[in-house]
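In what follows, a structure is listed as structure tokens, so that the remarks can point back to it.
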Amino acid sequence: MAAELPKKQTPLALRKPGQGNTLVPITPDVCFGGEKLVLIGGPCAVESQSQILETALAVKNGGGVMLRGGAWKPRTSPYDFQGLKEEGLLFLAKAREATGLPIVTEVLDPRDVAIVSEVADMLQIGSRSVQNFPLLREVGLTNKPVLLKRGMMTTVDEWLAAAEYILAAGNANVVFCERGIRTFDSTLRNTLDVGAVAVLKQKTHLPVIVDPSHAAGDFRYVAALARAAVAAGADGLLVETHCHPADALSDAGQSLTPEQFAQLKTECSAVASAVGRVL
Ligand code: PEP
Ligand code: MN
């Protein structure tokens with residue numbers, strides 16, 4: 001058995017004996033951790049007002065209840081599209097106004113936490129930031145729910161400890177998001193660790209969702225991974241969706257069309273009801 005962190009290192013993140021599931025509400029209608037799963041859709045990056053608006057409408061039509069889209073993008077190369085930043089936030093806010101969908105968007109830099117918090121309904125901490133401790137502390141000081149992605153080389157216990165930074169700073173609303181890890185096999189972009197979903201659902205009282213898009217890296221496999229995630233007990237899904245995937249400025253290959261997104265929703269709803277949940 002793998003060595004575990006002493007319980008005293010993650011007292012707030014771990015489930016105490018007999019402790020129920022913590023609910024993380026976003027709006028009166030959208031809540032993580034209950035019987036109902038949360039389906040989040042939207043592009044990798046906010047690219048323009050019309051792109052995010054068109055996608056938001058498609059996500060809503062396809063059964064999504066929350067909108068994603070990065071205004072700040074963590075890119076491997078500094079020469080790749082870095083996001084529209086403040087302007088992207090304004091476009092997201094307009095898309096929310098038009099659709100009523102709450103927004104989750106990534107914050108990359110502790111210095112941007114205040115400005116992103118002004119607009120976002122939920123702050124995303126990306127994989128590459130999971131051990132950016134000053135950033136974790138800073139989002140922990142806000143009252144915004146936090147979506148904490150797993151790092152591509154983060155163990156479950158390290159991930160729990162990252163959540164502990166946010167919880168210890170006073171923010172109780174943390175949702176874990178498994179998005180695939182690096183393994184020996186590069187057939188897919190990452191390897192979705194479905195087992196970690198099952199383990200985390202035992203270890204923590206906090207909600208756990210899955211991002212099948214970054215795990216697959218290929219639109220053809222996203223729905224299969226999403227179905228597996230729901231079967232394993234995930235509390236929601238984060239799915240990259242684009243009205244014109246071929247034109248996407250980032251993660252084009254893994255983005256679903258609105259039709260594929262709606263199809264994923266239908267399939268995952270069936271799996272959800274098979275495991276006593278609702279999507
Ligand atoms: C994203 O959600 O667009 C993203 C950058 O994801 P990750 O941090 O999981 O790579
Ligand atoms: Mn992406």
Side-chain angles (χ1 to χ4, degrees), residues 24-32 38-75 80-126 129 135 138-139 142-147 149 173 175 177 209 211 213-214 236-252 254-262 264-265:
V24 176
I26 306 299
T27 65
D29 302 327
V30 178
C31 179
F32 291 87
V38 176
L39 177 59
I40 308 166
C44 181
V46 180
E47 298 169 359
S48 67
Q49 181 65 84
S50 60
Q51 173 250 14
I52 192 67
L53 191 54
E54 190 186 6
T55 313
L57 291 166
V59 164
K60 188 170 183 177
N61 280 335
V65 297
M66 203 162 166
L67 178 67
R68 63 148 291 144
W72 277 263
K73 294 306 302 174
R75 303 305 301 280
D80 286 338
F81 174 59
Q82 303 286 310
L84 298 179
K85 307 194 168 113
E86 286 87 347
E87 192 182 28
L89 288 179
L90 293 178
F91 294 163
L92 279 167
K94 287 245 169 68
R96 172 177 53 203
E97 215 177 283
T99 59
L101 297 177
I103 294 161
V104 57
T105 194
E106 178 160 354
V107 59
L108 263 172
D109 188 316
R111 293 167 294 188
D112 296 330
V113 169
I115 177 176
V116 178
S117 300
E118 267 177 43
V119 172
D121 299 286
M122 185 178 212
L123 303 172
Q124 178 172 319
I125 298 295
S129 301
L135 179 62
E138 203 62 35
V139 299
T142 75
N143 60 2
K144 292 287 170 178
V146 178
L147 186 64
K149 293 250 194 144
N173 292 309
V175 175
C177 181
I209 73 165
D211 165 358
S213 304
H214 290 84
L237 296 166
L238 178 77
V239 180
E240 285 190 343
T241 317
H242 199 289
C243 289
H244 313 281
D247 300 332
L249 295 181
S250 56
D251 287 346
Q254 67 197 34
S255 298
L256 300 191
T257 62
E259 294 72 28
Q260 290 162 343
F261 179 79
L264 175 149
K265 155 85 167 54

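In what follows, every heavy atom counts, from backbone to side chain, and hydrogens, waters and symmetry copies are set aside. Starting from 1, each residue takes its place in the sequence as its number. Everything numeric in this text was worked out from a predicted model, so none of it was measured.
- No donor-acceptor contact under 3.5 angstrom links the side chains of Asp251 and His242, judged on distance only.
- Considering only residues two or more places apart in sequence or on other chains, Pro102 meets the side-chain contact (heavy atoms from CB on, under 4.5 Å) condition with Ile26, Thr27, Val30, Met66, Asp121.
- We find the CD1-CG distance between Ile209 and Leu237 to be 7.5 Å, quoted to the nearest 0.5 Å.
- Looking at Thr241, its side chain does come within 3.5 Å of a backbone N or O of Val239 through a donor-acceptor pair.
- The salt bridge (charged side-chain N to carboxylate O under 4.0 Å, His left out) test applied to Asp29 returns no partner, not counting sequence neighbours.
- Here Glu97 pairs with nothing under the side-chain contact (heavy atoms from CB on, under 4.5 Å) rule; sequence neighbours left out.
- To the nearest 0.5 angstrom, Ile103 atom CD1 is 11.5 Å from Leu123 atom CG.
- With hydrogens and angles disregarded, no donor-acceptor distance shorter than 3.5 Å links the side chain of Lys73 to the backbone of Ala45.
- Remark: the backbone N or O of Asp80 is paired with a side-chain donor or acceptor of Gln82 at under 3.5 angstrom.
- Side-chain contact between Ile115 and Glu86: present, with at least one pair of heavy atoms (C-beta onward) separated by less than 4.5 Å.
- The side chain to side chain contact (heavy atoms under 4.5 Å, CB included) test with Pro43 singles out one residue from Val59, Ile52, Leu249, and that residue is Ile52.
- Nearest heavy atoms, Val119 versus Ala93: CG1-CB, 4.0 Å.
- For the residue pair Glu240/His214, the side-chain donor-acceptor check at 3.5 Å is satisfied.
- Atom CG of Leu135 sits about 4.0 Å away from atom CD1 of Ile125, to the nearest 0.5 Å.
- Between the side chain of Glu106 and the backbone N or O of Gln124 there is no donor-acceptor pair closer than 3.5 Å.
- Residues Phe261 and Thr55 are not in side-chain contact: their nearest non-hydrogen atoms beyond the backbone lie 4.5 Å or more apart.
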>> Walk me through whether Lys149 and Leu238 qualify under side-chain contact (heavy atoms from CB on, under 4.5 Å).
In response: CA-CA 11 Å; Lys149 293 250 194 144; Leu238 178 77; 3.6 Å; yes
